[in-house]
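Keep in mind that the numbers below use all heavy atoms, side chains included, and drop hydrogens, waters and symmetry copies. Everything numeric in this text was worked out from a predicted model, so none of it was measured.
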Amino acid sequence: MNPQEQQQTAQALVDWFHANGRDYPWRRTSDPWAILVSEIMLQQTTIPTVLGRYADWMHRFPTPQALASATEEEALRSWEGLGYYRRVRSLRAAAQAIMERHGGEFPTEEADIRALPGIGDYTAGAVISFAFNKPAPLVDANVARVFSRLCNSRTPVDSPAGRKEQWQLAGQMLHRTDPRAYNSALMELGQLVCTTGAPQCLLCPIRAWCRAKDPAELPVKLPKKQTTALEHWDILHVTKRGILMERQAEGKRHAGMWRLPRRGKDEVQNLEHITDQSYSVTRYKVTRHLYRSAPSTRPRKGEAYIPLHELEQIPMASPDRKIISRLLNA
């Protein structure tokens, strides 16, 4: 596309968005903290799920100071059900950095925003354009799909060459006067019109500039990584003191969160089998084999009894909370 076509495409997207853009809570504000929270939540989480949690979460942590002063356990518990808990750790670290480096005021300079913990190219572009209405490129899965079809690109979008190609185009196609609407339009077009599989090309506001010969075949992606099966063997041990739980150590994926104690397969062979639970984590298919512990069970390193009335307050991954709630209620 030549520069004139790029600008015509960008303007058509802005016009389309002003007429058709959906209403979300994070689109009703220019508060950079509120926008950062929404962008972090929306990473790898569906819009309906975020809509069900966003308002309450922002009511609890309306400012960087509110999250920075919370304990890690409180932050993790607040994120429960959203998954990918490293996001809330990064968000809390960013809040602490805002307090320490900027006196609690969200930075306005691009370099300062990019220097915050957990802020990558996409998130920086989102905050800069949505909060400050400044031109900034961004590429997510929806934008990559739109660009690959727009240019009829056969380069895998998830390859290094594909990512470079996408970001170069994003930088070239910036809308200078209404970047907030433009970037919103790019993502919304991918969500509603230029969708995976069979796009609705007849409804597309930029079809006049689209070069895709067979849009349903785009974008091209690298072969998917195979799902890996994992198993672990856990115990359920409940006494008058509470339920025995294990706090995951630093460096682990769910560091700081609590889970049912894990044992070796050989250690549970003579215990009563209660149930199995299957769940998925990224590219892993996990099966939990749960056993009722022996009365003589004693806590190991990192394990402690949690009174039943305190279970609601401690952070734990959704699979643990679901199975514990089901078994205790039964």
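- When side chains are defined from C-beta on, Val139 does not count as touching Val157, because their heavy atoms never get closer than 4.5 Å.
- The 12-atom threshold is exceeded at CD of Gln7, counting heavy atoms of other residues, nucleotides or ligands nearer than 6.0 Å.
- Cluster membership for Leu192 and Leu13, using ILVMFWY side-chain heavy atoms within less than 4.5 angstrom, is shared.
- Side chains of Trp258 and Glu73: a donor-acceptor N/O pair is present below 3.5 angstrom, by distance only.
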- Item | Chi angles and distances behind the salt bridge (charged side-chain N to carboxylate O under 4.0 Å, His left out) call for Glu246, Arg262 | CA-CA 8 Å; Glu246 177 186 350; Arg262 196 156 295 179; 5.9 Å; no
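- In the model, Trp57 has a side-chain atom that pairs as donor or acceptor with a side-chain atom of Ser78 under 3.5 Å.
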- Item | Trace of the salt bridge (charged side-chain N to carboxylate O under 4.0 Å, His left out) decision for Glu5 with Arg211 | CA-CA 12 Å; Glu5 290 175 325; Arg211 297 176 180 175; 3.4 Å; yes
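- Salt bridge Arg288/Asp320: present, at least one basic N to carboxylate O contact under 4.0 Å.
- Using a 4.5 Å heavy-atom cutoff, the side chains of Val143 and Asp140 are in contact.
- Pairing each heavy atom of Ala34 with each of Thr29, the nearest pair is CB-CG2, 4.1 Å.
- Across all non-hydrogen atoms, the minimal contact from Pro62 to Asp31 is O-OD2, 4.4 Å.
- In this structure, the side chains of Glu188 and Tyr24 come closer than 4.5 Å at one or more pairs of heavy atoms.
- In this structure, a donor-acceptor pair under 3.5 Å is absent between the side chains of Ser148 and Gln166.
- Between the side chains of Gln277 and Thr287, not a single donor N or O lies within less than 3.5 Å of an accepting N or O.
- No side-chain N or O of His175 forms a donor-acceptor pair with one of Asn183 less than 3.5 Å apart.
- Shown here is Asp214, whose CG atom has more than 12 heavy atoms of other residues, nucleotides or ligands within 6.0 Å.
- Partners of His273 by ring pair (Phe, Tyr, Trp, His ring centres under 6.0 Å), not counting sequence neighbours, listed by chain and number: Tyr291.
- Partner of Arg77 under the side chain to side chain contact (heavy atoms under 4.5 Å, CB included) criterion, out of Met257, Met316, Glu312: Glu312 alone.
- Distance alone, capped at 3.5 Å, places no donor-acceptor pair between the Glu100 side chain and the Ala97 backbone.
- When the side chains of ILVMFWY residues are joined at heavy-atom separations under 4.5 Å, either directly or via intervening members, Met173 and Leu218 end up in two distinct hydrophobic clusters.
- With 3.5 Å as the limit, one finds no donor-acceptor pair spanning the side chains of Arg180 and Tyr182.
- Both Leu51 and Met58 belong to a common hydrophobic cluster when Ile, Leu, Val, Met, Phe, Trp and Tyr are linked at side-chain heavy-atom distances under 4.5 angstrom.
- Note: Phe106 and Phe132 have tilted aromatic rings, judged against thresholds of 30 and 60 degrees for the angle between ring planes.
- Using a 4.5 Å heavy-atom threshold, the side chains of His289 and His232 count as separate.
- Taking the side chain as every heavy atom from C-beta outward, Arg263 and Asp234 never approach each other to under 4.5 Å.
- Thr297 places a side-chain N or O within donor-acceptor distance of the main-chain N or O of Ala294, the cut-off being under 3.5 Å.
- Under the 4.5 Å side-chain heavy-atom criterion for grouping Ile, Leu, Val, Met, Phe, Trp and Tyr, Leu36 is connected to Leu82 within one hydrophobic cluster.
- With a 4.5 Å cut-off on side-chain heavy atoms, Thr155 and Lys164 do not count as touching.
- No more than 12 heavy atoms of other residues, nucleotides or ligands sit less than 6.0 Å from atom CD of Glu105.
- Between the side chains of Gln248 and Arg259, at least one donor N or O sits under 3.5 Å from an acceptor N or O.
- Leu174 approaches Ala136 most closely through the heavy-atom pair CD2-C, 3.4 Å.
- Grouping the Ile, Leu, Val, Met, Phe, Trp and Tyr side chains by contacts below 4.5 angstrom, directly or via other members, places Met245 apart from Trp233.
- Listed for the Ser69 side chain is a donor-acceptor partner under 3.5 Å among the backbone atoms of Gln65.
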- Task: Start with the C-alpha distance between Glu267 and Arg300, add both sets of side-chain angles, then the distance that settles salt bridge (charged side-chain N to carboxylate O under 4.0 Å, His left out), and finish with yes or no.
- Result: CA-CA 14 Å; Glu267 296 181 271; Arg300 297 181 180 180; 2.5 Å; yes
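- By the neighbour-count criterion of 12 heavy atoms within 6.0 Å, atom CG of Leu222 is densely surrounded, having more than that number from other residues, nucleotides or ligands.
- Without hydrogens or angle criteria, Arg253 side chain to Arg86 main chain gives no donor-acceptor distance under 3.5 Å.
- Looking at Gln11 and Asp15, their side chains do bring a donor and an acceptor atom within 3.5 Å of each other.
- Closest of all the heavy-atom pairs between Leu311 and Ile306 is CD2-CG2, 4.0 Å.
- Side-chain contact check for Gln8 and Trp209: at least one donor-acceptor pair (N or O, by modelled atom type) lies under 3.5 Å.
- Residues Leu169 and Cys151 have side chains in contact (heavy-atom distance under 4.5 Å, counting atoms from C-beta outward).
- When every heavy atom of Ser280 is checked against every heavy atom of Lys285, the shortest pair comes out as OG-CD, 3.7 Å.
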- Message: Does Arg114 form a salt bridge (charged side-chain N to carboxylate O under 4.0 Å, His left out) with Asp121? I'd like the steps, not just the answer.
- Response: CA-CA 8 Å; Arg114 289 184 177 275; Asp121 290 336; 2.9 Å; yes
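- The neighbour count for Gln226 CD, taken as heavy atoms of other residues, nucleotides or ligands under 6.0 Å away, does not exceed 12.
- Contact annotation: the side chain of Trp33 approaches that of Val37 to within less than 4.5 Å [non-hydrogen atoms, C-beta and beyond].
- Contact record, Lys134 with Thr108: NZ-O, 3.8 Å, taken as the closest heavy-atom pair.
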